[in-house]
Amino acid sequence: MPAARVSEWRKLPVSLTELCIETTLRCGQSFRWRKLGDEWHMSLYGRILSLKQDSTHLHYKATWPAATSTPFTTSTSAKEETVVDDTEELVKHYFSLKHNAAALYNQWSQSDPNFRKKAPKFTGIRILSQDAWETLIGFICSSNNNISRISQMIHKLCENYGPLIGNIGDEAFHEFPTPEALKGKEVDAHLRDLAFGYRAKYIAETARIVSEERPTDWLESLTNPNNPGWGTGHRSGLLRANYKEAHEQLLQLVGVGPKVADCVCLMGLSWGEAVPVDTHIWQIAQRDYSFARVKSSSLSKSMYHSIGDHFRRIWGDQAGWAQSVLFTANLKSFSARPKAEPDPVAVKLQAEVCETVTGEVETKYKVEEDTLVGSMRQFRKRRVSATGGTDLENTTIEQELISVAPRSRKRRRPLRLS
DNA sequence: AGCATGCCTGCATG
DNA sequence: ACATGCAGGCATG
């Protein structure tokens, strides 16, 4: 491969409260970022974008393949060769930096005590403005799956069907494959061999529909016009869709239900009011927002929409962002973040984990009393690992349960039906 | 309309 | 060892 052209590191002034890439790039929005040392890398619109962050700035650089027509221009006014490209605009767009995170966090905290309680440890989470097609395929892969495995699958897709962009160290970076590249029976079969399971046919079939049965730029035409997309440029197109229409259009595809459709709306089409309700958000709605606890393990369509409507009502037009903050705060991999100072922080953390335990026991309590002891045993283990070792071993599980259960009954609120 | 079931795989748990 | 449950759902009946 010919030598790549690499820009200098540049930087944008951004506080960690406005953006924390460590959290935002790992919380299950994007599945392609790779961390090498303290730098994050991903191929994006024809280049490898590299990022690193300190307490005052976001640093970025771009690595372009030398073979393609270069986007670099040389400033005629400067003697020294000055690299000018669109990477700054791309970074601003990708992280939706035009929004003020602190102001929005404040707004959500004012209107929602639960958010006020949970959010302070999870500042700097932002909704990414990702490529719609990549978002669609990523979240088709996400069903019955976990972030680690989704990331591996997406990596395989790129390796096998995406053109090579370049390398960072030993690591090869491929562009995300196009719909044309992913359609067809052979892709289906190959993806099954690559352990995609039943998602293989969803991907191949969705790729076929998008490339053959929809107009060019159909997917992009569903973008929120207030935040036009990147890549092929904005199309003064056909639909001028609103959120509901975009959501319904996506549901026509194969392997796309309401949750996946909302993920694409939120992170790929910039519809801030889209609230993807997965099992975790459903739990949160039941635990912290008085939604009825149901015996059946599946979420009905009407319940799906009423949960979204509730969050749109209390959080407003960026409800999906607020949802993402609470979602991340609830993720196991983030719930016990390692902290530098053990003592005062551990105490605080302990208190919070106890609260979580109380809430989850409350949830369990109504559903299946016989699993309570097992749950509490599990919770204790988690608390031990979260706080770094010690626990109140002189308190029996039964004693701790008794101290938790009555309070949970007292705090039970009237059930919200439908 | 709401609900149960099967679907692929990888991993943790007992 | 082996079974079972479950992980950021969806399509089907």
Side-chain angles (χ1 to χ4, degrees), chain A residues 23-31 125 127-128 130 135-157 187-206 209 247-248 250-268 274-287 292 294-308 311 320 323-335 360 364 367-368 371 373-375 377-382 385 417-418:
Chain A
T23 311
T24 300
L25 300 183
R26 293 194 309 124
C27 69
Q29 294 191 62
S30 176
F31 306 105
I125 296 171
I127 298 298
L128 302 173
Q130 301 185 79
T135 309
L136 174 59
I137 296 302
F139 284 96
I140 284 177
C141 291
S142 77
S143 79
N144 267 323
N145 214 339
N146 55 65
I147 294 174
S148 160
R149 184 173 163 223
I150 300 164
S151 303
Q152 293 174 41
M153 289 162 68
I154 296 300
H155 185 63
K156 287 182 197 168
L157 270 189
V187 175
D188 182 350
H190 185 204
L191 293 183
R192 273 189 183 270
D193 288 343
L194 292 175
F196 278 62
Y198 60 86
R199 305 162 196 90
K201 100 166 140 14
Y202 294 162
I203 293 170
E205 178 63 4
T206 290
I209 294 173
H247 183 94
E248 284 173 22
L250 291 169
L251 287 181
Q252 305 303 309
L253 301 168
V254 189
V256 180
K259 189 266 182 183
V260 170
D262 273 333
C263 288
V264 178
C265 281
L266 178 64
M267 297 164 237
V275 179
V277 180
D278 58 29
T279 56
H280 291 267
I281 296 299
W282 190 25
Q283 302 300 327
I284 290 172
Q286 294 175 65
R287 192 188 66 200
V294 179
K295 305 131 224 11
S296 83
S297 58
S298 67
L299 178 62
S300 73
K301 198 146 194 166
S302 72
M303 184 62 80
Y304 184 96
H305 283 110
S306 76
I307 290 174
F311 286 137
Q323 172 268 4
S324 196
V325 174
L326 287 195
F327 175 86
T328 305
N330 206 54
L331 267 184
K332 284 191 181 67
S333 49
F334 286 94
S335 63
E360 295 191 18
K364 292 272 183 190
V367 186
E368 20 178 30
T371 65
V373 173
S375 299
R377 190 171 293 126
Q378 227 180 321
F379 296 141
R380 284 187 151 202
K381 271 164 76 177
R382 276 174 45 201
S385 69
L417 297 173
S418 104

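Lettering of chains follows the sequences in order, A, B, ..., and the numbering in each one begins at 1. No hydrogens, no waters, no symmetry mates; every other heavy atom, side chains included, goes into these values. As the structure is a computational prediction, the values presented were derived from the model and not from experiment.
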Review point. How long is the line joining NZ of A:Lys201 and C1' of C:dT12, in whole Å?
Key: 10 Å

**Study point:** CG on A:Asp278 to CG on A:Asp262, rounded to 0.5 Å
**Key:** 11.0 Å

Check your understanding: Watson-Crick or G-U wobble partner for C:dG8, using a 3.5 Å limit on both distances?
Key -> none

Exercise for review: Starting at atom CH2 of A:Trp282, determine the distance to atom P of C:dC10, rounded to an integer number of angstrom.
Suggested key: 14 Å

Check your understanding: Between the side-chain atoms of A:Asn146 and the base atoms of C:dG8, is any donor-acceptor pair under 3.5 Å?
Key -> no

Practice item. Return yes if the base of C:dG9 and the side-chain atoms of A:Tyr198 contain a donor-acceptor N/O pair under 3.5 Å, otherwise no. Key: yes

**Study point:** Below 4.0 Å: OP1/OP2 of B:dC8 and any side-chain N or O of A:Arg192
**Key:** yes

Check your understanding: Counting side-chain heavy atoms from CB outward, which of C:dG8, B:dC8, B:dG10 is closest to A:His280?
Key -> C:dG8

**Study point:** Given DNA chain C, 5'-ward residue of the pair A:Leu253 and A:Met267, judged by closest heavy atom
**Key:** A:Met267

Check your understanding: Expressed as a whole number of Å, how far does the P atom of C:dG9 sit from that of B:dA1?
Key -> 24 Å

Point to revise | Whole-Å gap separating C1' (C:dG9) and CG (A:Leu250) | key: 15 Å

Point to revise | Nucleotide paired to B:dC8 in any strand shown, Watson-Crick or G-U, under 3.5 Å | key: none

Check your understanding: Between A:Ser30 and A:Leu25, is a side-chain contact (heavy atoms from CB on, under 4.5 Å) present by the stated rule, with each step listed?
Key -> CA-CA 6 Å; A:Ser30 176; A:Leu25 300 183; 5.6 Å; no

Practice item. Determine the interatomic distance between P on C:dG8 and the same-named atom on B:dC3; round to the nearest Å. Key: 23 Å

**Study point:** Value in whole Å for how far the P atom of C:dG9 lies from CG of A:Leu251
**Key:** 16 Å

Check your understanding: Is there a donor-acceptor pair under 3.5 Å between the side chain of A:Ser151 and the backbone N or O of A:Ile147?
Key -> yes

Practice item. Please state whether the phosphate of C:dG9, meaning OP1 or OP2, lies under 4.0 angstrom from any side-chain nitrogen or oxygen of A:Ser298. Key: no

Exercise for review: Tell me whether the OP1 or OP2 atom of C:dG9 has a side-chain N or O from A:Thr279 closer than 4.0 Å.
Suggested key: yes

Review point. If you check the A:Tyr202 side chain, which of C:dC10, B:dG10, B:dG2 turns out closest?
Key: C:dC10

Practice item. Please measure how far the C1' atom in C:dA1 lies from the corresponding atom in B:dC8, and state the result in whole Å. Key: 23 Å

Review point. Whole-Å distance between C:dA7 C1' and A:Met153 CE?
Key: 12 Å

Review point. Given atom CZ of A:Phe196 and atom C1' of B:dC7, what is their separation to the nearest angstrom?
Key: 16 Å

Exercise for review: Determine whether the side chains of A:Tyr198 and A:Ser143 contain a donor N or O and an acceptor N or O closer than 3.5 Å.
Suggested key: yes

**Study point:** Nearest-angstrom distance from the residue atom NZ of A:Lys301 to C1' of B:dC3
**Key:** 14 Å

Check your understanding: If you look at every strand shown and take non-hydrogen atoms under 4.0 Å, does A:Gly28 touch a base, only sugar-phosphate, or nothing?
Key -> base

Review point. When you measure from the side chain of A:Tyr304 to the backbone N and O of A:Pro258, does any donor-acceptor pair fall under 3.5 Å?
Key: yes

**Study point:** Distance, rounded to the nearest Å, where A:Asn330 contributes CG and C:dA7 contributes P
**Key:** 12 Å

Exercise for review: May I ask you to say what A:Cys27 touches in the nucleic acid, namely base, sugar-phosphate or nothing, with a heavy-atom cut-off under 4.0 Å?
Suggested key: base

Practice item. Name the nucleic acid region contacted by A:Ile147, choosing base, sugar-phosphate or nothing; use a 4.0 angstrom heavy-atom cut-off, strictly under. Key: base

Review point. Rounded to the nearest 0.5 Å, what separation is found between the CZ atom of A:Phe196 and the CG atom of A:Asn145?
Key: 10.0 Å

Practice item. Between A:Gln152 and A:Asn144, just flag the one whose closest nucleotide in DNA chain B comes earlier from the 5' side. Key: A:Asn144

